[in-house]
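Read through the structure below, which is laid out as C-alpha cells, and then see the notes.
Sequence positions, counted from 1, serve as the residue numbers for this chain. Note: hydrogens, waters and symmetry copies are ignored here, and every other heavy atom, side chains too, is used.
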Amino acid sequence: MTAAARFDNPLRAATPDSWVSLARVRWRELLVDHANCEKKAASTALSLMFAYPEDLQLARALSRLAREELRHFEQVDRLMRSLAVPVTRQKPGRYAAGLRRPLRAHEPARKLDLLLAGALIEARSAERFRLLSDGLPTPMGELYASLERSEARHFELYLELAARACAPAQWQPRLAELAVTEAELATSPDPEFRFHSGAPI
C-alpha cells in the first residue's frame with residue numbers, strides 16, 4: 001500500500017510555543033518519554049493486527065509500521081546512551097487516555113476510530129519533531145528531522161486504512177470530530193510535561 005500525499009494534515013491546532021520552549025530546555029525528559037512513545041506506537045500497530053486478523057492488508061501494512069517504530073525506539077535508546085540520559089519510570093500523561101475516551105466501542109465504528117486516533121497521534125508527532133529539529137543538541141535535532149518524515153508517512157498510512165474501510169462521508173466527519181478533542185489535549189494547560197502534553201502550566 002502506498003500513502004501518497006492524498007491527505008491534508010488533520011491537526012486542528014498548532015503546538016503552543018510555550019511547549020516548544022520548554023521541550024528545548026527539558027530535552028532529557030523529552031527523550032525518556034519519546035522512547036516510551038515509540039514502544040507504544042509499535043504496540044498499537046500490533047494490537048490492531050490482533051484485533052482484526054481477517055484484514056490482511058491492514059496486518060501487512062501495520063507489521064511494517066511496527067518494525068519501523070521499534071527501530072525508532074532503538075535509535076532513541078542509542079541516543080540516550082550517547083548523551084548519558086538515564087531511563088526513568090514515568091507515569092502516563094493525559095493525552096492517549098484522553099484521545100481514547102471518545103472512541104466508540106461497537107464495530108465497525110471502533111475500528112474506524114482506532115485508525116483515525118492513530119493518524120492524529122502520528123500527525124502530532126510529526127509536527128513536534130519538525131518544531132524541535134532546530135534548537136536541540138545536534139544528534140537529537142538530526143534524528144528528529146528524519147523522524148518527522150517517518151511520522152508523516154505513518155499518519156497518511158492510518159488515513160489510507162481508514163479511507164479503505166469506509167466512504168469519505170463516514171470517515172472525514174469523524175476525523176474532524178476527533179481532531180477537536182486531540183487539539184484540546186495538545187494545547188490546553190497541562191500539569192505534566194510529556195512528548196504529547198499540552199501547554200505548560
Side-chain angles (χ1 to χ4, degrees), residues 1-15 33-34 36-73 92-129 147-188 194-198:
M1 176 184 300
T2 58
R6 289 183 50 199
F7 304 105
D8 293 330
N9 190 305
L11 300 181
R12 291 295 177 265
T15 288
D33 192 54
H34 177 190
N36 289 330
C37 289
E38 297 292 358
K39 290 186 286 186
K40 291 174 196 172
S43 176
T44 295
L46 292 172
S47 294
L48 283 164
M49 292 173 63
F50 280 106
Y52 304 103
E54 71 286 349
D55 190 338
L56 295 180
Q57 192 170 10
L58 178 146
R60 291 165 186 149
L62 293 186
S63 174
R64 292 190 294 271
L65 187 146
R67 292 197 301 274
E68 187 172 8
E69 300 287 16
L70 289 174
R71 286 195 297 273
H72 293 169
F73 164 73
R94 69 180 188 185
Y95 179 84
L99 192 52
R100 284 195 302 267
R101 198 166 294 121
L103 304 189
R104 295 168 291 184
H106 59 281
E107 298 292 0
R110 176 177 179 269
K111 181 181 182 181
L112 175 62
D113 282 5
L114 288 169
L115 293 171
L116 296 177
L120 288 165
I121 293 168
E122 299 286 350
R124 182 63 65 186
S125 298
E127 182 225 23
R128 292 195 170 182
F129 286 136
L147 291 180
E148 178 204 350
R149 296 185 290 274
S150 296
E151 301 305 290
R153 283 190 291 100
H154 294 174
F155 94 69
E156 290 181 342
L157 171 61
Y158 274 113
L159 290 183
E160 182 86 9
L161 292 168
R164 186 175 59 84
C166 59
Q170 294 175 282
W171 72 265
Q172 290 177 342
R174 184 57 177 163
L175 175 63
E177 292 172 0
L178 294 176
V180 172
T181 298
E182 193 281 336
E184 172 69 16
L185 291 164
T187 61
S188 61
R194 297 288 184 269
F195 190 86
H196 292 104
S197 56

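- Within the 4.5 Å cutoff, side-chain heavy atoms of Leu65 are placed close to those of His154.
- At a threshold of 4.5 Å between non-hydrogen side-chain atoms, the residues Arg104 and Lys111 do not count as touching.
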Audit row: Ser150, Arg71, side chain to side chain donor-acceptor pair (under 3.5 Å) steps and yes/no
CA-CA 11 Å; Ser150 296; Arg71 286 195 297 273; over 6 Å; no

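- The shortest non-hydrogen separation linking Ala119 to Leu159 is CB-CD2, 3.6 Å.
- The minimum heavy-atom distance between Ala162 and Leu112, with the atom names listed, is CB-CD1, 3.9 Å.
- For the atom pair CG of Leu115 and CG of Leu178, the computed distance is 11.5 Å after rounding to the nearest 0.5 Å.
- Looking at heavy atoms from C-beta onward, Arg110 lies in side-chain contact with Tyr52 at the 4.5 angstrom threshold.
- The two atoms that bring Ala13 and Ala183 nearest to each other are CB-CB, 3.8 Å, heavy atoms only.
- When every heavy atom of Leu120 is checked against every heavy atom of Tyr95, the shortest pair comes out as O-OH, 3.9 Å.
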Kindly indicate, with the supporting measurements, whether the criterion side chain to side chain contact (heavy atoms under 4.5 Å, CB included) is fulfilled by Glu122 and Glu69.
CA-CA 11 Å; Glu122 299 286 350; Glu69 300 287 16; 3.0 Å; yes

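- Separation of atoms CZ (Arg94) and CG (Leu99) is listed at 12.0 Å; rounding is to 0.5 Å.
- In this model, no donor atom of one side chain and acceptor atom of the other lie less than 3.5 Å apart for His34 and Ser125.
- Annotation: the span from Asp55 atom CG to Arg60 atom CZ amounts to 9.5 Å, rounded to 0.5 Å.
- Residues Asn9 and Phe155 have side chains in contact (heavy-atom distance under 4.5 Å, counting atoms from C-beta outward).
- In terms of the side-chain contact (heavy atoms from CB on, under 4.5 Å) criterion, residue partners of Ala97 (sequence neighbours excluded) are, by chain and number, Arg100, Arg101.
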Evaluate the salt bridge (Lys or Arg N to Asp or Glu O under 4.0 Å) criterion for residues Glu156 and Arg153: first the C-alpha distance (whole Å), next the side-chain angles of each, then the deciding distance (0.1 Å), finally the verdict.
CA-CA 5 Å; Glu156 290 181 342; Arg153 283 190 291 100; over 6 Å; no

Listing, residues 41-50 side-chain donor-acceptor contacts under 3.5 Å, not counting sequence neighbours, or none:
from	atom 1	to	atom 2	distance (Å)
Thr44	OG1	Lys40	O	3.0
Ser47	OG	Ser43	O	2.9

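- Note that the CG atom of Leu70 and the CD atom of Glu68 stand 10.5 Å from one another [nearest 0.5 Å].
- Interatomic distance, Leu175 CG to Phe7 CZ, rounded to the nearest 0.5 Å: 10.0 Å.
- Across Leu116 and Trp171, no two heavy atoms sit closer than the pair CD1-O, 3.8 Å.
- Screening residues 179-188 for salt bridge (Lys or Arg N to Asp or Glu O under 4.0 Å), with sequence neighbours left out, gives Arg124-Glu182.
- A distance-only check finds no donor-acceptor pair linking the side chain of Asp33 to the backbone of Arg194 [under 3.5 Å].
- Leu147 CG to Arg128 CZ: the interatomic distance, rounded to the nearest 0.5 Å, is 15.5 Å.
- In plain terms, the two heavy atoms of Ala14 and Glu127 that are nearest each other are CA-OE2, 3.4 Å.
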